[in-house]
Every structure is written in C-alpha cells, then in structure tokens.
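Both counts, for ligands and for their atoms, begin at 1 and track the order of listing. Quantities reported herein were computed from a predicted structural model and do not represent experimental measurements.
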Amino acid sequence: MKRLLISSYFLLLTVPMLGQDYQTANKKASSTTVKLFNNLFKALPKGILFGHQDDLAYGVGWEYIPNKSCVKDAVGEYPAMYGWELGDLELDAVFNLDSVPFNKMINFIKDGYDKGGVITISWHANNPVTGKNAWDISGNAVQAIIPGGVKHELYKTWLDKIAAFMQNLKGSNGEMIPIIFRPFHEFTGNWFWWCQNTCSAEEFKTLWKFTFDYLTYTKEVNNLLYAYNPEKFETESEYMQRYPGSDYVDIMSFDFYQYGDPANNKNFENTLNKRLGILTKVAEKNHKLPALAETGFMNIPYPKWFTKKLMKGIGRHKISYVHLWRDGGLVKGTGQNKFTPSQDHFVPLVSDKAYLDFYKLYISDKFIFEKKMRDLKIYQ
Ligand code: BMA
C-alpha cells in the first residue's frame, strides 16, 4: 500500500513534467524557447493566437508613433503575436525591404516580447545569383547556395548576419527572445527563387537542412523555432513533399489568402477547412504545432469576411496561431531606400465596412489577444 502511495506520488510528480515533453528541433534550444514551444501546445485548447505583421511600426497613414498598433486601434488591445521581416538584412541595409529600420525592429521585438507576445520572423532574401529581389526566379539560386554551389560561401555570410541579428534579441534579464523563424515560405508557389518551379524537392530539403544545421551547430543560434510553410497543397503527400524531416521543423503551417469576390462562392472557407484538416492531422502525427502563418483579404471589401469566411473555415480546428499581413505603410519605390505610402491593409480600419465583423471575431472568445496572452505566461 505504502509502496503504491509512493509510486503514485512519483507519478503525480512526473506526469506534468512528461506533459512538457515536446522536443524542439534544436536539442540545445534555450530554456525559454523550449518553454514557449511546450506552452503553445498547452494553449491549443484555449484559443488561437492572433498575429499581425509590422503591427507596432506603421499602419495606413502613420508610422513610428510610440505605443500605437493597428490591432489596438481596431479592438483596444495589442495582438498576441508580432511578425517582422528580415529581407535586405543580408545586404547590410539599414532598412528592411518594407522600409522598417532594423534598429527600430529590434526594439519593437523586445516590446512585443515584454507584452507577453510571440515573435515570428520571415525572410524574403534577395536572389543570391542575380542580385534582384526574392521574386526573381531566375538563376537556379537554390542549386547555387547549397553545399557545392557557386554561391554557397556567399549564402554562409548571409546566414552569419541572420545569426547575429537573432542572437542580439534579448529580454530584460539577458535571456534570448524566442523567435518563430519562417524562411522560404510559400515554396509550393511559383513566385520566389526558392519555389517548387525553381528547384527539386531534394534541393529544397538540402537548403533547409543546411540552413538549420549552419544556424544551429556552426553559429549556435538557440532561440529559434522553425516553421515549415508551403502555400497551396491538396493532399497530405503534397503537403509533405518538401518536408525536410521532423528533426528540422517545429511548426507546420501554410499561407492562404482570400482573392476575388467571396460573396457568391464558398471556395475560401471550404479550402481553408480542408487544408486545416490535413495540417492538424499531419502536425499531430509529427508532434508539431499547426498554424496559419499568413492570411487575409486585402482591404476586406466583403463586410462579413472575418466571421463568414475566416472563422467559418477555421471552424473547430485547433491551431496555434493565425497571422494577418501588414497594413499600409510604405512599399519600395524607385532608387535606394525610397518608399511610397500604401493604403492596402488586412486589419480593418474603424471606417471599413468589415470593421464590426472584425470586432465580432475579437469578442468571439476563439482568439487570444494581448490580455489573455499575458495570462497564459507563455514563457514560464
Ligand atoms: C508581401 C508584400 C510586399 C512585401 C513582402 C515582404 O506580401 O506585403 O509588399 O515586401 O510581403 O514583407
């Protein structure tokens, strides 16, 4: 009897620890990164983190106003997740390709982390062969930068810069800020130099593995969770076609935007539902976090898009986060570092006809914004 009591006591002690047992791809990931990863799994039944790209930096008609946020302007609180973009860092630029100065970005990242939010970072790297931007698909760039390729050494210098940036992201106690890193996204498309029309599945996997190994083992970057992120796919095997293996991935995700007029068809919500079904199944099988890494309907011309399309498509699927793309701000004009203002946005303005519907999403209890996020204590 006593023995039984002792063993059940140990069982009680060990069960919560076993519950912490989701392994990050990087086995030397910092303790804060491991905690974030495990806590995101625990948060899955509680709701979906709401994220927004460049949220604190700018929106339609404004930029760099302290404490301002597109999401806060819409619903009164900050998002649960903040997305940032490193394109042009590899060129030693002062601004990223969307005009955000890297030194300001570092402070925004710290600010979002201090608010208890999760940080995700994408990288639209320039074409390493032609020197043009990420949308230039010429030059067999993937072949050129993998080991043995003519631009391999150049690519390593780019990763050195990514590593230095990531390692410079520290919280107030000196701990590394965990980052969900999302390189080479939308690779099932045909518009980036790393997409499926430019390289074989094996070359893509080699690129992914090299990138992971170099950042992890050579540079010892220990604050990254890696997000695998195609765009279109219709079956599980299509989703898995370029998967580099479970030792190289923490998050399984995809990007999916609304285009066209959703009024007279159900394509968006049906496709989203179908793809999320495939995603959540495959993520569970591989012990990875499922997420919708990018979505939105530019300028939201359909007034019920958030509840009737996005929320309808998500339905009861348990996913970690939904991330909306950037609002307004500046897009690259001509010449170096010249940017022109844009009105395009994904989080509605109060004056938009989709605004009330977005508020309905906010009060639906299905999503997590800043306040609930703080309560989750995701880094502890
Ligand atoms: C795209 C657009 C571009 C931007 C790029 C990288 O979807 O928003 O204007 O440069 O993302 O952030």
Salt bridge check: are E234 and K274 linked by an N-O gap of less than 4.0 Å?
yes
Flag for [Y]-[X]: side-chain donor and acceptor within less than 3.5 Å:
{"X": "E85", "Y": "S122", "result": "yes"}
{"X": "Y155", "Y": "T211", "result": "yes"}
{"X": "T307", "Y": "D357", "result": "yes"}

Is it true that F346 lies under 4.0 Å from ligand 1, counting heavy atoms only?
no
Please state which protein non-hydrogen atom is closest to atom 11 (O) of ligand 1 and give its distance, to 0.1 Å?
W325 NE1, 3.2 Å
Distance under 4.0 Å to a non-hydrogen atom of D98: what atoms of ligand 1 satisfy this?
4 (C), 6 (C), 10 (O), 12 (O)
Under 3.5 Å between any N/O of E85 and any N/O of ligand 1: does that happen in this structure?
no
Would you say ligand 1 has an N or O under 3.5 Å from any N or O of W135?
no
R326, portion touching ligand 1 at heavy-atom distance under 4.0 Å:
side chain
With under 30° as parallel and over 60° as perpendicular, where do the rings of F187 and F204 fit, or are they tilted in between?
tilted
